[in-house]
Amino acid sequence: MRLVLVDGSGFIFRAFHAIPDMTRPDGVHVNAVFGFCNMIARLMKEHTGSHLAVIFDAGRMTFRNRMYEPYKAHRPEAPPELVPQFALIREAARAFGLPSIELDDWEADDLIAAYAKAALQAGGEAVIVSSDKDLMQLIRPGVTMLDPMKNVPIGEAEVAAKFGVTPDKVIEVQALIGDAVDNVPGVRGIGPKGAAELIGQYGTLEAVLEAAKSGAMKPGKRRDMLVEFADNARISKELVKLRDDAPLPEPVEDLALRHWDDAVLSAFLDTNNFKSIKQRLALSDAPRAEAAAPKAEAAAFGGYETITSMAALTALIEAARQAGFVAVDVQTDDRNSLHGNLLGIALAVAPGRAGYVPLGHNLGLEDTPQLLWPDALGALGALFTDVAVLKIFHDAKYNLEVLTRAGVAQVAPLDDVMLISYAQDAGNFSHDRETLARKHLAHELKSFDSVAGSGRARLSFANVPLAGASAFAAEAADVTLRLWAMLKPLLRVNKSLALYELVEKKLIPVLTAMELHGVMVDRADLRAMSVEFEGRMAEIETDIQRLAGQEFNVGSPKQLGEILFERMGLPGGKRGKAGAWGTDSSVLEGLAEQGIEVAQRVMDWRQLAKLKSTYADALIGQADENGRVHTSFQMAVAATGRLSSTDPNLQNIPIRTVEGARIRKTFIAAPGCSLVSADYSQIELRLLAHVADIAALKESFARGEDIHARTASEVFGVPMAGMDAATRRRAKAINFGIIYGISAFGLGRQLGVGAGEAKAYIDAYFKRYPEIRAYMEATKEEARSQGYVLTPFGRRCWVPRIKDKMPQLRAYAERQAINAPLQGGAADIIKQAMVKLPKAMARAGLSATLILQVHDELLLEAPDDEARAAAELAREVMQGAAEISVPLTVETGIGKNWGDAH
DNA sequence: TGGACGGCGTAC
DNA sequence: GACGTACGCCGTCCAC
């Protein structure tokens with residue numbers, strides 16, 4: 001690998017000043033863009049590496065500003081002729097088919113350092129295209145520099161000429177010299193000459209400072225300055241020293257160089273009137289229409305191949321190698337990835353060119369025999385691990401779980417179209433392949449029902465006639481590939497690339513491991529509870545029917561409503577939309593308070609019915625032969641970025657009531673192990689304090705106060721000390737109400753007070769925390785103008801109904817907008833923790849494993865003797881997963897069952 | 001008979 | 001007229 005790293009940001013300024021002004025016909029200044037295109041054209045011809053990326057600064061503020069506030073504080077604003085060229089240069093990079101990379105909080109220089117390191121680690125070399133002196137420290141065996149303007153290499157000789165030292169000593173020298181332009185202080189009175197001399201003599205900055213301090217250096221002005229400004233020198237060294245630990249927004253293997261699309265590049269050069277570059281590249285005048293029409297749309301759907309020979313499979317794999325990417329989609333006999341058996345694999349290598357490899361189908365008499373899986377695995381396994389071929393999935397987690405269970409060891413690198421869509425369009429529409437095809441490709445996918453039948457007539461996919469099965473499967477892969485070509489570039493445009501690469505994609509293996517591992521339940525305990533609940537329900541049912549004076553189905557809200565409000569003539573009945581009597585718990589509670597015995601009995605019955613059917617019986621049925629249940633985490637469903645859990649849902653296991661807690665206690669640790677629970681305390685309220693910048697709330701969290709008590713104190717004017725539980729409870733309800741986008745009606749209902757009284761609470765709250773109002777208004781406005789809101793970590797949450805003409809729907813959307821950054825921000829934080837935690841455990845030599853995530857809680861299973869260490873490490877990683885303006889705190893617990901681990 | 005839907009209730 | 005986000009079970013209704 002020879003990775004060429006172009007310092008895009010550095011180049012822009014240099015080219016702008018070095019190249020005379022140029023404008024294109026519409027008046028836009030393009031001299032820097034022209035310089036950039038020229039440089040890239042030359043680079044691609046003369047110094048081609050195998051991989052290439054253009055690196056940019058993402059914004060002005062970075063971690064260095066937190067370290068030293070004045071850093072780069074006095075950089076002048078960019079000249080107005082340059083400003084529009086920043087975006088154009090990124091566009092130019094795209095036109096050349098080059099990835100441009102930037103990451104919030106990191107300077108381009110640090111990203112370059114990180115990528116150079118990655119190239120070395122991959123056994124390759126790196127070429128840094130820049131003339132920036134700050135990058136010279138990176139020069140070492142395997143890392144070279146190239147001056148893009150002069151087109152000359154920068155090596156040890158050039159570094160020595162500039163700094164008087166070898167590259168590995170550059171930061172020592174820079175620390176002494178400082179940099180007036182960037183506000184790096186250095187030591188006054190010491191310039192390049194003096195610095196080189198000192199470092200040449202003493203070796204390092206610390207040695208120089210020590211010599212000055214101890215008196216080993218000859219007395220004089222220089223020594224005095226070194227003593228006085230020693231700390232300045234140290235901070236300077238930290239500032240100029242590049243960090244090579246930035247997360248890589250795109251894996252280095254994804255930067256493989258590919259030829260540009262002639263039509264796209266030609267169109268870009270035409271728009272900017274760069275005729276000379278076009279000539280140099282020998283680009284023809286491609287008709288505009290052709291350039292505008294993506295190839296994905298040009299190719300027809302259908303006409304796919306059914307692969308039944310090794311020769312045909314090998315040919316398709318070779319085509320994938322040529323392309324550098326391949327879409328892969330497995331077919332199984334069950335929608336659940338943990339049950340489904342592999343029936344075949346579809347591969348697509350270009351729009352319209354796809355094939356299906358049947359492996360486990362029940363063939364008809366006329367069908368050619370299918371390949372044997374061990375043979376196919378031999379060829380496909382090599383493709384799956386080939387770093388030069390990107391494997392593209394829709395729902396990679398599903399595919400990988402099936403492939404893993406079928407014996408595939410590794411699949412990398414990969415992309416996931418479902419997550420690519422989710423990262424930029426959560427809340428906008430669903431991310432199943434059918435919807436995406438309809439939306440982005442205007443193509444209606446063959447439905448599964450139309451191929452396999454529905455209802456009683458539904459066939460297992462293994463029994464679907466092969467021709468139809470093959471066409472269905474290959475089309476799925478074809479569509480996946482086309483969607484990828486269309487959506488992947490949009491990630492960068494929509495600023496969702498880092499979220500996708502660093503959070504969503506990295507979560508795939510974490511969740512896969514959690515799902516495969518599962519969590520143990522005590523089946524005997526659950527069976528006993530099921531029997532017990534059944535008996536108690538039968539007794540209660542008898543009571544209810546005696547009280548009601550007739551037999552009826554207690555489980556039917558319809559019949560119950562008629563009994564209560566018609567036959568028995570009880571007061572307080574309300575009809576719903578369909579005209580049915582409402583019988584939910586708030587209604588029954590109202591009746592029970594009036595002493596209506598039957599209402600209380602129905603509530604008791606319902607609680608047991610719920611626990612028996614939804615939890616006890618369902619979990620027994622879901623447990624595998626080892627007593628472990630395996631949920632499936634949905635990564636692209638929730639509109640806020642949260643995960644969800646299905647088959648079974650393990651994110652809504654009861655805890656609040658005494659009987660419910662018994663269910664939670666049936667979740668147990670494996671023998672010799674303990675369960676470790678770690679949950680964020682008040683994470684959404686903390687995010688509210690952070691994003692709305694609420695001074696009093698932030699202060700309260702910083703002090704570690706009981707936040708609900710503090711709120712009660714502020715809103716109701718009572719002292720924190722000796723506060724009664726009811727007052728605190730009211731304040732807690734208000735705090736939750738705020739997070740949910742409060743309304744007086746809703747809060748009143750929640751608290752059991754009138755809307756008037758609830759409004760008074762809300763007004764008092766807004767008065768004590770005035771910043772809330774501004775946040776709510778700003779967020780709603782953001783949603784109206786953009787259509788989406790952003791979490792503090794840049795996740796987009798769409799709120800499509802924000803401009804609906806129906807006031808009711810609009811109000812609903814406004815509450816969604818207010819809630820999404822908080823709920824979504826919390827999701828971002830715990831996801832980052834989940835990505836870090838398994839690595840941290842491994843590093844610490846702990847074998848604790850994640851088994852569940854419940855929005856603000858992580859549950860781990862750990863050997864008994866590791867539990868305490870695992871709990872501490874989980875706390876540390878979770879608290880450090882993100883940095884916001886209030887502390888994040890995590891509470892941990894250890895127990896033999898989930899109930900006791902809290 | 002089975003799929004869609006509404007009512008209800010569990011979690012955070 | 002339901003303060004946010006989910007999923008699952010049950011009964012009901014209706015089409016096949």
Side-chain angles (χ1 to χ4, degrees), chain A residues 426-427 449 454-458 552-561 574 576-588 602-603 606-619 621-622 631-634 637-657 659-661 663-664 679-680 682-685 688 733-751 755 758 762 776 797 799 806-809 811-824 826-827 830 852-857 898:
Chain A
D449 284 8
S454 63
R456 278 179 74 80
R458 164 162 300 180
F552 70 102
N553 184 352
V554 181
S556 161
K558 183 165 176 279
Q559 293 179 37
L560 178 65
K574 266 194 212 152
K577 287 173 223 164
W581 297 102
T583 66
D584 69 17
S585 60
S586 71
V587 172
L588 296 179
V602 171
M603 288 167 69
R606 283 209 180 143
Q607 186 192 19
L608 296 176
K610 179 79 173 180
L611 295 178
K612 178 179 181 322
S613 68
T614 306
Y615 299 105
D617 292 346
L619 288 170
Q622 292 270 4
T631 187
S632 173
F633 287 105
Q634 308 304 310
V637 170
T640 53
R642 269 191 181 180
L643 297 175
S644 72
S645 159
T646 62
D647 305 306
N649 180 359
L650 296 186
Q651 289 182 321
N652 72 344
I653 300 304
I655 189 172
R656 290 174 191 178
T657 66
E659 301 289 10
I663 298 282
R664 193 165 278 228
D679 63 295
Y680 283 108
Q682 308 294 354
I683 188 167
E684 292 186 12
L685 216 44
L688 173 69
I734 301 175
N735 277 331
F736 274 103
I738 294 288
I739 290 169
Y740 295 157
I742 204 158
S743 79
F745 183 92
L747 180 63
R749 203 173 129 274
Q750 175 74 28
L751 286 176
I762 296 169
M776 290 185 164
C797 304
V799 194
M806 291 177 68
Q808 205 171 306
L809 288 177
Y812 178 42
E814 288 175 354
R815 293 192 295 269
Q816 289 178 315
I818 289 164
N819 174 259
L822 310 176
Q823 190 181 115
I830 197 166
L852 289 179
Q853 187 252 43
V854 192
H855 309 311
D856 64 358
E857 172 188 6
W898 198 2

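We use all heavy atoms of the structure for the numbers below, so side chains are in, but hydrogens, waters and symmetry mates are not. Chain naming here is simple, since letters A, B, ... match the order of the sequence lines and numbering starts at 1 in each.
- Listed pair A:Arg456 / B:dT1 fails the phosphate criterion, with no side-chain N or O lying under 4.0 Å from OP1 or OP2.
- Rounded to the nearest 0.5 angstrom, A:Ile734 CD1 and A:Ile739 CD1 are separated by 12.5 Å.
- Side-chain proximity of A:Ser743 to C:dC3, C:dA2, C:dC7: nearest is C:dC3.
- To the nearest 0.5 angstrom, A:Leu643 atom CG is 6.5 Å from A:Phe633 atom CZ.
- Comparing B:dC12, C:dG8, C:dA2 by their nearest atom to the side chain of A:Asp647 picks out C:dG8.
- The phosphate of C:dT12 (OP1 or OP2) has a side-chain N or O of A:Ser556 nearer than 4.0 angstrom.
- In this structure, A:Ser585 reaches the B:dG9 phosphate: one of its side-chain N or O atoms is under 4.0 Å from OP1 or OP2.
- Minimum atom distance to the side chain of A:Gln816 is reached by C:dT5, of the listed B:dA11, C:dC3, C:dT5.
- When rounded to the nearest whole Å, the span between CG of A:Leu822 and C1' of B:dC12 equals 14 Å.
- Of the inter-residue distances, the one linking A:Leu650 atom CG with A:Leu852 atom CG reads 5.5 Å to the nearest 0.5 angstrom.
- For A:Arg656, taking side-chain heavy atoms from C-beta onward, the closest of the listed nucleotides C:dG4, B:dC12, C:dC7 is B:dC12.
- A:Thr631 places none of its side-chain heavy atoms less than 4.5 Å from the side chain of A:Asn649.
- Judged by atom type and distance alone, A:Gln750 reaches the base of C:dC3 through a side-chain donor-acceptor pair under 3.5 Å.
- The phosphate of C:dT5 (OP1 or OP2) has a side-chain N or O of A:Tyr812 nearer than 4.0 angstrom.
- At C:dA6, none of the side-chain N or O atoms of A:Arg642 fall inside 4.0 Å of OP1 or OP2 (strictly under the cut-off).
- Distance, A:Leu619 CG to B:dA11 C1': 14 Å, rounded to whole Å.
- In terms of phosphate contacts, A:Gln808 brings a side-chain nitrogen or oxygen within less than 4.0 Å of OP1 or OP2 of C:dA2.
- A close approach under 4.0 Å does not occur between any side-chain nitrogen or oxygen of A:Asn819 and OP1 or OP2 of C:dT5.
- With C:dG1, C:dT5, B:dC8 as the choices, the nucleotide that has an atom nearest any side-chain atom of A:Pro557 turns out to be B:dC8.
- Summarising the geometry, atom OH belonging to A:Tyr680 is positioned 14.5 Å from atom NE2 belonging to A:His855; distances are rounded to the nearest 0.5 Å.
- If you check C:dG8, C:dC3, B:dA11 against the side chain of A:Asn652, the one that comes closest is B:dA11.
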Pairing string of DNA chain C (Watson-Crick or G-U wobble, both atom distances under 3.5 Å; | = paired to other strand) is ...||||||||||||.
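- We find that CG of A:Leu852 is positioned 13 Å from C1' of B:dA11, with the value rounded to whole Å.
- With distances taken from any side-chain atom of A:Ala639 to the nucleotides C:dA6, C:dC3, B:dC12, the minimum falls on C:dA6.
- Note that CG of A:Leu560 is 6.5 Å distant from CG of A:Leu588, once rounded to the nearest 0.5 Å.
- A sub-4.0 Å separation between OP1 or OP2 of B:dT10 and a side-chain N or O of A:Thr614 is absent.
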Kindly indicate, with the supporting measurements, whether the criterion side-chain contact (heavy atoms from CB on, under 4.5 Å) is fulfilled by A:Arg606 and A:Val554.
CA-CA 9 Å; A:Arg606 283 209 180 143; A:Val554 181; over 6 Å; no
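- When each of B:dA11, B:dT1, C:dT5 is scored by its nearest atom to the side-chain atoms of A:Pro654, the top-ranked nucleotide is B:dA11.
- Using a 4.5 Å cut-off on side-chain heavy atoms (C-beta onward), A:Glu857 and A:Trp898 make contact.
- At a threshold of 4.5 Å between non-hydrogen side-chain atoms, the residues A:Arg458 and A:Asp449 count as touching.
- For the pair A:Asp584 and A:Leu643, both in contact range of DNA chain C, the more 5′-proximal nearest nucleotide belongs to A:Asp584.
- Nucleic acid contact for A:Thr583: sugar-phosphate only, since backbone atoms but no base atoms lie under 4.0 Å from a heavy atom of the residue.
- The nearest whole Å value for the distance from the CZ atom in A:Arg664 to the C1' atom in B:dA11 is 7 Å.
- Whole-Å rounding puts the A:Leu611 CG to B:dC8 P distance at 18 Å.
- Using P as the reference atom, C:dC3 and B:dA4 are 30 Å apart when rounded to the nearest Å.
- Within the 4.0 angstrom heavy-atom criterion, only backbone atoms of the sugar-phosphate kind lie near A:Gly582; the bases stay farther away.
- If you measure from atom CE of A:Met603 to atom C1' of B:dT10, you get 15 Å, rounded to the nearest angstrom.
- Residue A:Ile739 is out of contact with every strand shown, counting any heavy-atom pair closer than 4.0 Å.
- In this structure, of C:dC7, C:dC9, C:dG8, it is C:dC7 that holds the atom nearest to the side chain of A:Gln634.
- When all heavy atoms of A:Ala813 and A:Val799 are compared, the pair lying nearest together is O-CG1, 3.2 Å.
- For the pair A:Ala817 and A:Pro821, the tightest heavy-atom approach, listed with the atom from each and the gap, is O-CD, 2.9 Å.
- Computed from coordinates, the A:Phe552 CZ to C:dT12 P distance equals 11 Å when rounded to whole Å.
- Rounding to the nearest 0.5 Å gives a distance of 4.5 Å between CD of A:Gln816 and OH of A:Tyr812.
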Kindly give the atom pairs (protein nitrogen or oxygen, nucleotide nitrogen or oxygen) under 3.5 Å for nucleotides 13-16 of chain C.
none

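- Contact annotation for A:Gln559: backbone-only contact, meaning every heavy-atom pair under 4.0 Å involves sugar-phosphate atoms and none involves a base.
- The separation between A:His855 atom NE2 and B:dC12 atom P is 8 Å, rounded to whole Å.
- The residue A:Ile655 sits close only to the backbone: its heavy atoms come under 4.0 Å of sugar-phosphate atoms, none of a base.
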